[in-house]
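Naming convention: chains lettered A, B, ... in sequence-line order (proteins, then strands); numbering from 1 in each chain.
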Amino acid sequence: MDYFSVEYVQIQQDMWDYARSVSHGRSARKVEKRRAELIQTVENAYKKAKTAKGFNNDTRYKDSVTLYFELTGIVLREDYGKIVDLEEVAEQSYDLMEAYMLAREMASDKLNEAGKMVNREHRSFAEANNITIIEGEDTELDKKMEITNNVYDHYNDVYLVFFKSYKQELYLLDAVSRNDVSAIEQNRNALLETIKEGEAKLTTIEKYANDPAMVNATNELFAFYKEEASEGIKYSLNYLEKTENFNKVKSVFEAKKQKDRTQADVDEYNGAVNDMNLAVNEVNAANEANNKRRSTLIDNWNREAEKFTSRHVPKGK
Amino acid sequence: MRELILFTLLTLTFFGRAQNEITLVDKAHRLTAYLSDVHVRPRKMDSTFGKDVNALLIDDFDPRHLIFSSKDADLLQELSLSLGSEISEKTGAYSTTFSKLYEERREIAEKTLQSLIVQPMDLEKYARFALDDIEGFAKNDTEFTQRWERIIIKSIIEELLDLFDDENDLSAADLLLKKKEAIENVRVSYQHYFEALKTNDPYFDLRFLNCVTRAYDPHSSYFDLTLKDEYKDELVADRAIFGISYQRTLSGKMEISGVVPGSSAWFSGEVHVGDEIIAISAADGREVTIDSLGIDGLRTFFTQLQSDTISLELSSEDEEIKTVQLVRSRVYSDGDVIKTAVLSGEKKIGYISLPDFYTNWTNAGDNGCANDVAKSLLNLQKEHVEGFVLDLRDNGGGSLKEAVDLVGIFINYGPVIVEEIANGELFSYKDMNRGSITSAPLIVLINAQSASASEVVAGALQDYNRALIVGQTSFGKATGQNIFPLDPAVDALRTNQQKENEEWGYAKATRMGLYRITKQSAQAKGIVPDIELLNIETFPSDYERELPHSIQLDSVEKNVYATIGAPLPIERLKAMYSPSSISVRLSELRDSILAIENQLNASLSLEKSVKLLQLVHTLYDAHGTIFDEAKTLYTPVSKQFNDAQLLVAPYLEKYDHQFTTRLLHDIELNEAYQIMLNFIGIHQ
């Protein structure tokens with residue numbers, strides 16, 4: 001039973017080093033280095049487990065550990081296609097991000113199940129070989145990892161709520177850039193609905209250590225998105241409507257021979273031009289203001305999220 | 001040495017030409033190889049295939065069996081059994097024999113006609129018989145002559161009845177006074193007919209290849225370049241046109257039959273209905289005189305015309321010759337665009353009519369009909385309407401992408417349709433925009449002419465419980481086609497960017513079968529409405545299931561994840577609805593009219609035909625009177641044009657008026673309005 005314990009400890013240490021580097025503002029290069037080290041450690045553990053022999057021709061414990069290490073490596077490498085039917089995931093998902101998150105969730109579920117299997121086989125093996133398991137006290141590392149997990153549970157819960165609205169706004173902006181009135185209106189309504197769901201969800205997420213920073217930052221962003229979806233987007237729709245009106249008037253105006261055009265025709269044409277130009281100015285001003293505000297609020301959210309993990313994830317090796 | 005070089009050059013040139021020539025068998029071989037790869041239900045090139053192509057070809061060239069004899073038909077059928085292997089081996093025995101035999105028999109038919117038409121005609125000679133009594137092919141010369149005699153008599157009767165249409169009170173005896181004129185008209189008409197058959201020889205290849213594709217399914221076709229361009233033009237709402245339509249008169253002249261308001265022709269003030277077209281010259285130097293062209297030739301000329309400016313040489317009705325410059329321009333085309341109105345009555349309802357699923361096929365950035373529907377919805381919402389009617393009657397389909405986008409407007413998100421392709425692979429097409437534009441009560445109106453993309457929309461909205469489907473069962477086409485060049489140098493994914501050799505032509509192939517999110521197909525079944533309305537149209541309905549070689553699709557196994565809405569109160573609405581007395585009466589008249597017209601079409605007696613026509617007129621008059629006097633529950637207000645457009649282009653008011661008049665007499669829409677009032681009542 002001690003055969004795998006060295007690997008377990010090494011994985012746990014590397015996992016802690018990785019979590020620490022993510023939480024305490026290390027450079028992206030250093031974070032990636034820690035991640036690569038962790039993946040290598042898991043890979044080594046898997047190879048060792050694979051070649052291990054069973055005990056008294058019983059390989060169930062060894063097999064469960066091997067599978068666990070294998071799945072851990074797959075999840076870390078995000079190679080979800082090896083354990084999840086990605087076609088089914090795509091079928092159930094609205095877009096690539098949703099598919100990625102669903103695949104990650106399904107893979108994590110498989111990993112958790114594999115972890116439970118290891119525990120069951122561990123106890124089963126001990127019983128079959130008359131070994132008494134003494135539940136040890138948590139090490140310092142165990143305690144740090146538990147705290148870190150709790151911090152990131154809160155982080156992930158808020159992040160998912162934030163990200164859904166953030167992504168939905170991106171779709172709305174994409175629709176605006178394509179002048180697609182149908183997509184604009186659909187995504188606008190979807191954004192309002194997403195915010196409504198998000199606000200409700202935020203009220204159910206327990207604050208970690210009474211720290212409301214991430215929730216507050218998310219609510220500020222929601223207020224901006226709500227204003228944008230309710231009022232701001234109307235400038236874009238108005239601009240598209242005025243442009244279309246102008247094109248319709250232009251089409252019939254230009255089809256007429258110059259000598260047949262009346263002063264009333266010219267007035268209508270000029271009126272349509274003026275309306276369109278006014279709408280252009282309004283939408284440009286609105287977009288500029290919105291872009292600034294959005295950038296400020298998202299930077300703020302990212303800052304608050306970083307400060308949150310830095311505040312709460314334990315330091316030290 | 002010089003002679004040797006010259007000979008070599010000549011030989012090379014000859015082989016060069018031979019290699020470039022693409023024959024009918026080359027095309028047939030390539031076409032069937034292509035269809036075998038991509039068709040959703042490819043077929044074996046066996047004797048049944050040959051027989052099917054033969055039957056289609058005979059039906060195309062000789063639908064009334066007036067050209068071929070029984071012996072010819074037997075010979076062709078025998079030869080057709082090996083047509084499949086002939087195509088595979090690139091030999092052309094069948095097609096060569098068909099073409100030759102047709103030419104010989106056509107000459108005999110023409111002579112038969114010419115000898116009969118000059119003889120005295122007893123228009124009651126075959127009074128005891130019906131036109132459709134004749135089955136099969138003529139077994140001998142006597143039968144052949146009799147068939148032609150019947151047809152000529154029928155043609156003369158129809159010509160006389162046309163006169164009756166113009167002068168209502170004529171009796172059979174009066175009509176006989178016009179017999180000589182009618183016979184002459186029939187003679188001239190058949191003269192043009194046989195001339196067209198001769199000049200149609202270049203089209204033999206086209207028709208043969210089309211029959212090959214139709215043996216796979218009724219919606220696959222072969223196109224040459226002209227047909228391909230015409231087909232693609234039909235799918236675009238916004239086309240630049242000169243603004244004229246034309247027709248060939250009985251006397252062989254090509255005359256202007258219509259001028260489109262707002263077009264260059266219209267604005268010139270010099271082009272009028274009835275003007276004869278003498279010649280056309282284009283800015284690129286091409287010139288044609290109409291004498292040298294038939295109507296097909298003129299159509300081809302316009303389709304292939306690159307220049308945006310032409311000069312028309314016209315002769316007016318008082319024989320004044322004039323030359324008019326025309327410029328191609330984008331003109332409002334009333335039959336091709338979405339139309340919107342507010343139906344004001346007990347409740348305000350938004351009405352949107354979509355003629356087809358148009359899109360911009362060349363520039364993906366420009367939006368199509370789904371976007372137009374979205375804009376219409378937003379405009380109608382400003383009028384505070386409480387529900388919407390989306391009218392897809394007579395909408396024969398179009399872009400599948402637009403259909404999916406249109407469904408997306410009314411559902412949050414999810415799969416809309418499942419597509420099956422040749423190798424059995426299944427894909428689901430999804431709404432790509434989360435959210436919807438409106439959750440207000442929605443009725444979709446369909447009829448037997450609603451097909452393809454219309455059925456995708458109606459079916460999906462029905463499956464999501466998003467819309468109440470009202471009308472008659474739709475056509476039943478749940479297949480999709482696309483057009484691809486047959487040039488073998490063009491690869492399937494067009495990665496080599498090579499411009500195709502147009503001589504090979506194009507295949508419009510049925511590459512996909514479509515299934516609803518219920519995994520069942522509407523192919524040959526149609527979309528069955530939740531609430532059926534009586535059919536009051538005065539023409540018979542056609543359905544996919546009646547077409548030769550219609551594909552069979554049943555169901556598929558595929559996981560489909562859709563969030564379905566709460567069920568609609570269909571049973572309650574059905575219980576609350578009963579057809580108005582007007583629609584009942586119109587439906588009864590429809591049945592009578594169709595029955596009488598069938599008898600009229602079959603009649604070979606002038607006396608009987610006159611009586612039947614008088615009866616049909618009476619029925620049509622009654623039908624028309626009921627329509628004219630019917631009052632709708634709503635007053636329609638057109639939202640088709642803005643005030644600025646109407647001020648600058650007052651001719652557009654005519655279209656507005658036509659639109660609101662149509663809505664005022666739309667009995668089916670009135671029934672749907674009544675249902676919507678009940679729907680809103682329950683919804684609230």
Undergrad: Is it true that atom OH of A:Tyr152 has more than 12 heavy atoms of other residues, nucleotides or ligands lying nearer than 6.0 Å?
TA: yes
Undergrad: Taking side chain as everything from C-beta outward and backbone as N, CA, C, O, which of these in A:Ser93 sits under 4.5 Å from a heavy atom of chain B? Side chain, backbone, both or neither.
TA: backbone
Undergrad: Taking atom CG as the centre, does A:Asp260 end up with more than 12 heavy-atom neighbours from other residues, nucleotides or ligands that are less than 6.0 angstrom away?
TA: yes
Undergrad: Compare all side-chain heavy atoms of B:Tyr561 with those of A:Glu88 and state whether any distance is below 4.5 angstrom.
TA: yes
Undergrad: Check whether A:Ala272 gets within reach of chain B through its side chain, its backbone, both or neither, counting any heavy atom under 4.5 Å.
TA: neither
Undergrad: How long is the straight-line distance from NZ of B:Lys375 back to CD of A:Glu244, given to the nearest 0.5 Å?
TA: 3.5 Å
Undergrad: Would you say that more than 12 heavy atoms from the other residues, nucleotides or ligands in this model lie under 6.0 Å from the OH of A:Tyr235, or not?
TA: no
Undergrad: What part of B:Asp431 gets closer than 4.5 Å to chain A, counting heavy atoms only: side chain, backbone, both or neither?
TA: both
Undergrad: Is it the side chain or the backbone of A:Tyr171 that comes within 4.5 Å of chain B heavy atoms, both, or neither?
TA: neither
Undergrad: Heavy-atom count around B:His272 NE2 within 6.0 Å, excluding the residue itself: above 12?
TA: yes
Undergrad: Tell me, side chain or backbone of B:Phe267 under 4.5 Å from chain A's heavy atoms, or both, or neither?
TA: both
Undergrad: CD1 of B:Ile409 to CD of A:Glu185: how many Å apart, nearest 0.5 Å?
TA: 10.5 Å
Undergrad: Non-hydrogen atoms of chain B under 4.5 Å away: do they reach the side chain of A:Gln186, the backbone, both or neither?
TA: both
Undergrad: Grab the two heavy atoms, one from A:Asn187 and one from B:Asn433, that are nearest each other, plus how far apart they are.
TA: ND2-OD1, 3.1 Å
Undergrad: At their closest point, which heavy atom of A:Gln92 faces which heavy atom of B:Lys430, and how far apart are they?
TA: N-NZ, 4.4 Å
Undergrad: Between CE of B:Met432 and CG of A:Asp95, what distance do you get to the nearest 0.5 Å?
TA: 7.5 Å
Undergrad: Select one option (side chain, backbone, both, neither) describing which atoms of A:Lys167 are under 4.5 Å from chain B's heavy atoms.
TA: side chain
Undergrad: Might you confirm whether atom NZ of B:Lys519 has over 12 heavy atoms from other residues, nucleotides or ligands at distances under 6.0 Å?
TA: yes
Undergrad: Heavy-atom distance under 4.5 Å to chain A: side chain of B:Ser436, backbone, both or neither?
TA: backbone
Undergrad: Show which side-chain atoms of residues 644-654 of chain B pair as donor or acceptor with protein atoms under 3.5 Å away, not counting sequence neighbours.
TA:
{"residue": "B:Gln645", "atom": "OE1", "partner": "B:Asn642", "partner atom": "N", "Å": "3.1"}

Undergrad: Atom OH of residue position B:Tyr515 - does it have more than 12 heavy atoms of other residues, nucleotides or ligands inside 6.0 Å?
TA: yes
Undergrad: Could you point out which residue of B:Leu378, B:Leu377, B:Ile437, B:Leu406 forms a side chain to side chain contact (heavy atoms under 4.5 Å, CB included) with A:Ser182?
TA: B:Ile437
Undergrad: Given that the side chain runs from C-beta out, which part of A:Asn245 has a heavy atom under 4.5 Å from chain B: side chain, backbone, both or neither?
TA: both
Undergrad: Around atom NZ of B:Lys322, are there more than 12 heavy atoms from other residues, nucleotides or ligands closer than 6.0 Å?
TA: yes
Undergrad: Would you say that more than 12 heavy atoms from the other residues, nucleotides or ligands in this model lie under 6.0 Å from the CZ of B:Arg328, or not?
TA: yes
Undergrad: Answer yes when B:Lys558 and A:Glu91 have at least one side-chain N-carboxylate O distance shorter than 4.0 Å, and no when they do not.
TA: yes
